[in-house]
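Scope of the values below: all heavy atoms of this structure, side chains included, with no hydrogens, waters or symmetry mates. We count ligands from 1, going down the list as the structure has it; atoms in each ligand are counted the same way.
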Amino acid sequence: MAYIGIIGGSGLYDLMAESKKVDVDTPYGKPSDLIEIGEVNGVEVAFLPRHGKKHTIPPHKVNYRANIWALHDLGVERIIGLNAVGSLREDYKPGDIVIPDQYIDFTKRRELTFYDGPQVYHISEADPFCPEMNELFYQTAKNLKIPVHNTGTYITIEGPRFSTRAESKMFRQFADIIGMTLVPEVGLAGELALCYSVIASITDYDVWSEKPVDAREVMTIMKQNDKKVRDILFNALPRIGKDRKCACSLRLDNAKV
Ligand code: ADE
C-alpha cells in the first residue's frame, strides 16, 4: 500500500530506479499506464505517468477518473501532480517553479466527477490544494535555492491547441499560469477526500508575449526543469507526514445532499 501518489506530466517518466509495476482496473476503465510502486529517498510512492509512459495520451483524452480512482485503490491518501505550464505574467519566468493555490476551469468536455447520481454531492472547492504539502514544497524549493512562487492561479484550458493571443491576454486578467491537465484531476482528488498539491514548472510565456509558444520549446525547457522537480521531491517526500493534520480528509463532510 503506497501512501503517496505522484502523477507525472510531460517530461518526467523515470522517477524510480527500481519499481514493481501494477496493472489496476477501475469502474472507469484503465488508468493512463501501469502504476509503478517503488521508493524515492526511502519513501514508498506510487507513480503514474499522466500521458502514458510513451506520451501517447493527449490532455483531453486522459482518463482522469481512472487515474485518481486507481491511486486511491492502492491506498494513496496524498497526491502530487507534476505539470508543465505557461506563464501569464512577466515575473513568473520560464524555469521557475510555482506551487498553485487556486485554479480556474476553462475545460469544455471532460468527465469532472465521480458523483453522477443517484447520490448527489456538492464539494466545497474554495481551497482546492493541500495547505500542508503546498507549504512543504515551497519551503523545500526555497531551501534548495530554486526560484519558486508559493501562490498562483492555474487556468486549465481544454487543449490540445495552445491559446490565441486574444485568449491569452484575457486569461492574464485573472490567472498567473496556464496548462491543460490540472482539471479535472484536482477536483476528483478532492471528491475522494485526498490531499492534492501541484509542483508546476514554467516552460514558456504563452502567447501574450512576443514569440508564440510551441510544443518543442515546452519539451526542451521541461527537460531542463526536470532536475529541479526531482530535487524538490527527493528532499520533501521524507517530510510528508502520514498523519494528515490538514482539512483535506474532511472534504465530504456536509457535502451530501
Ligand atoms: N503547457 C505548457 N505551456 C503551456 C501553455 N502556454 N499553454 C497551455 N499549456 C501549456
Enumerate, atom names and distances included, each donor-acceptor pair closer than 3.5 Å involving a side-chain atom of residues 249-256, sequence neighbours excluded.
{"unit_1": "Arg251", "atom_1": "NE", "unit_2": "Ser124", "atom_2": "O", "d": "3.3"}
{"unit_1": "Arg251", "atom_1": "NH2", "unit_2": "Ser124", "atom_2": "O", "d": "3.2"}
{"unit_1": "Arg251", "atom_1": "NH2", "unit_2": "Glu125", "atom_2": "OE1", "d": "2.6"}

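Side-chain polar atoms of Asn83 and Thr181 form a donor-acceptor pair below 3.5 angstrom. With hydrogens and angles left out, the side-chain atoms of Ser197 and Asn134 include a donor and acceptor closer than 3.5 Å. Side-chain contact annotation: Tyr196 with Glu185, donor-acceptor N/O pair under 3.5 Å present.
Every atom of ligand 1 is numbered from 1 in the order shown, and the set under 4.0 Å from a heavy atom of Met180 is 8 (C), 9 (N). Listed by number with element, the atoms of ligand 1 under 4.0 angstrom from any heavy atom of Thr203 are 2 (C), 3 (N).
Applying the salt bridge (Lys or Arg N to Asp or Glu O under 4.0 Å) rule to pairs touching residues 142-159 yields Arg110-Glu158, sequence neighbours excluded.
Of the N or O atoms in Gly86, one or more lie within a sub-3.5 Å distance of an N or O in ligand 1.
Looking only at protein heavy atoms, the nearest one to atom 1 (N) of ligand 1 is Ala84 O, 3.3 Å. The protein non-hydrogen atom at the shortest distance from atom 3 (N) of ligand 1 is Asp204 OD2, 2.7 Å. The single protein non-hydrogen atom nearest to atom 9 (N) of ligand 1 is Gly179 CA, 3.4 Å, given as residue, atom name and distance.
Nearest to atom 10 (C) of ligand 1 by heavy-atom distance, out of Ile221, Ile155, Ile178, Asp206, is Ile178.
When non-hydrogen atoms are compared, ligand 1 lies under 4.0 Å from neither the backbone nor the side chain of Val207.
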Requested in this report: Given side-chain contact (heavy atoms from CB on, under 4.5 Å), test His149 with Ile177 step by step and report yes or no.
Outcome: CA-CA 11 Å; His149 308 275; Ile177 52 177; over 6 Å; no
